[in-house]
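All figures in this text were calculated on a predicted structure; none of them were measured in a lab.
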Amino acid sequence: MPFPKPSRIAWLASLGAVLSFAAALVALLVWVPAYQPAQHPFALMGALRGAAAAWFNLAAFLVPGVLVGLALALLPEGLTAGRAGGVGRQLGMMAALGFVLMGVFPLDLDDLAGVGARAHGTVWMIWLAAVVPSALCLGVGAWRAGQQRVIGVASLLAGALIGLLCLVGIGGLSGPSAQLLAWALWLGWIALLARSGDKRMTAESI
């Protein structure tokens, strides 16, 4: 049985990131019945004590972050063309690292002004500072590649929407809801990017 192509591994990794994040959200809704996405931060369960919190941080942040980094590293060159695309890939991997670290440094409900909470906030800012320019750069790189203009536009829109959700807000969305939606949008965009690369490489090999 032949080893899967890097583009196929990238697609499977991005899909795994989405599924892991979704499983963490379902677990949060089941294990913390009082959780309200509009009122409570998604990282709430990771601030609790015990094995459940550890598993949540693993599924919500560590696994998706690692898989996104892998997907970005294996994207075909057609999606990371030129200087803009290369910079976008590197910034995307930095964002993935920031996402991983959000699971390593969970919130601390007993001391929201303490070191743990500050560390969580800092790595969230690293994620945000990297993910928006990453999407914009990858969008420009894909657009300049000529045959990836749909992906280019999708990447530019993803970067703009994530920035708006996290920094300004959209409509009547609360802060926690906007943050959760931004993370889901990021993971969905990475999956779209990886799927496009896999389709392109498959078509070229025929």
With sequence neighbours excluded, residues passing side chain to side chain contact (heavy atoms under 4.5 Å, CB included) with Leu74:
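Only Pro6, Ile9, Ala10, Leu70 meet the side chain to side chain contact (heavy atoms under 4.5 Å, CB included) criterion with Leu74.
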[atom1] of [X] to [atom2] of [Y]: how many Å apart, nearest 0.5 Å?
| X | Y | atom1 | atom2 | result |
| --- | --- | --- | --- | --- |
| Leu181 | Leu165 | CG | CG | 5.0 Å |
| Ser134 | Trp186 | OG | CH2 | 9.0 Å |
| Trp11 | Leu15 | CH2 | CG | 5.0 Å |
| His120 | Met125 | NE2 | CE | 12.5 Å |
| Leu97 | Ile126 | CG | CD1 | 7.5 Å |
| Cys137 | Leu91 | SG | CG | 6.0 Å |

Report yes if the side chains of [X] and [Y] come closer than 4.5 Å at any heavy-atom pair, otherwise no.
| X | Y | result |
| --- | --- | --- |
| Leu136 | Ser155 | no |
| Met102 | Trp183 | yes |
| Leu161 | Ile170 | yes |
| Leu101 | Thr122 | no |

Using the side-chain hydrogen bond (donor to acceptor under 3.5 Å, both in side chains) rule, collect all pairs that involve residues 26-46, keeping only residues at least two apart or in two chains.
none
If we ignore hydrogens and angles and just use 3.5 Å, is the side chain of [X] paired with the main-chain N or O of [Y] as donor and acceptor?
| X | Y | value |
| --- | --- | --- |
| Ser177 | Leu173 | no |
| Ser14 | Ala194 | no |
| Arg89 | Leu72 | yes |

Tell me which one of Trp127, Phe99, Trp124, Phe105 satisfies ring pair (Phe, Tyr, Trp, His ring centres under 6.0 Å) with Phe61.
Phe99
Minimum heavy-atom distance [X]-[Y], with the two atoms named:
| X | Y | value |
| --- | --- | --- |
| Val18 | Leu187 | CG2-O, 3.7 Å |
| Ala13 | Leu67 | O-CB, 3.3 Å |
| Leu128 | Ile162 | CD1-CG2, 4.4 Å |
| Trp189 | Ala135 | CH2-CA, 3.5 Å |
| Ser174 | Ala38 | OG-O, 2.6 Å |
| Ala17 | Val68 | CB-CG2, 4.0 Å |

Throw together a table of side-chain donor-acceptor distances under 3.5 angstrom for residues 19-30, partners on residues two or more places apart or in other chains.
from, atom 1, to, atom 2, distance (Å)
Ser20, OG, Ala59, O, 2.6

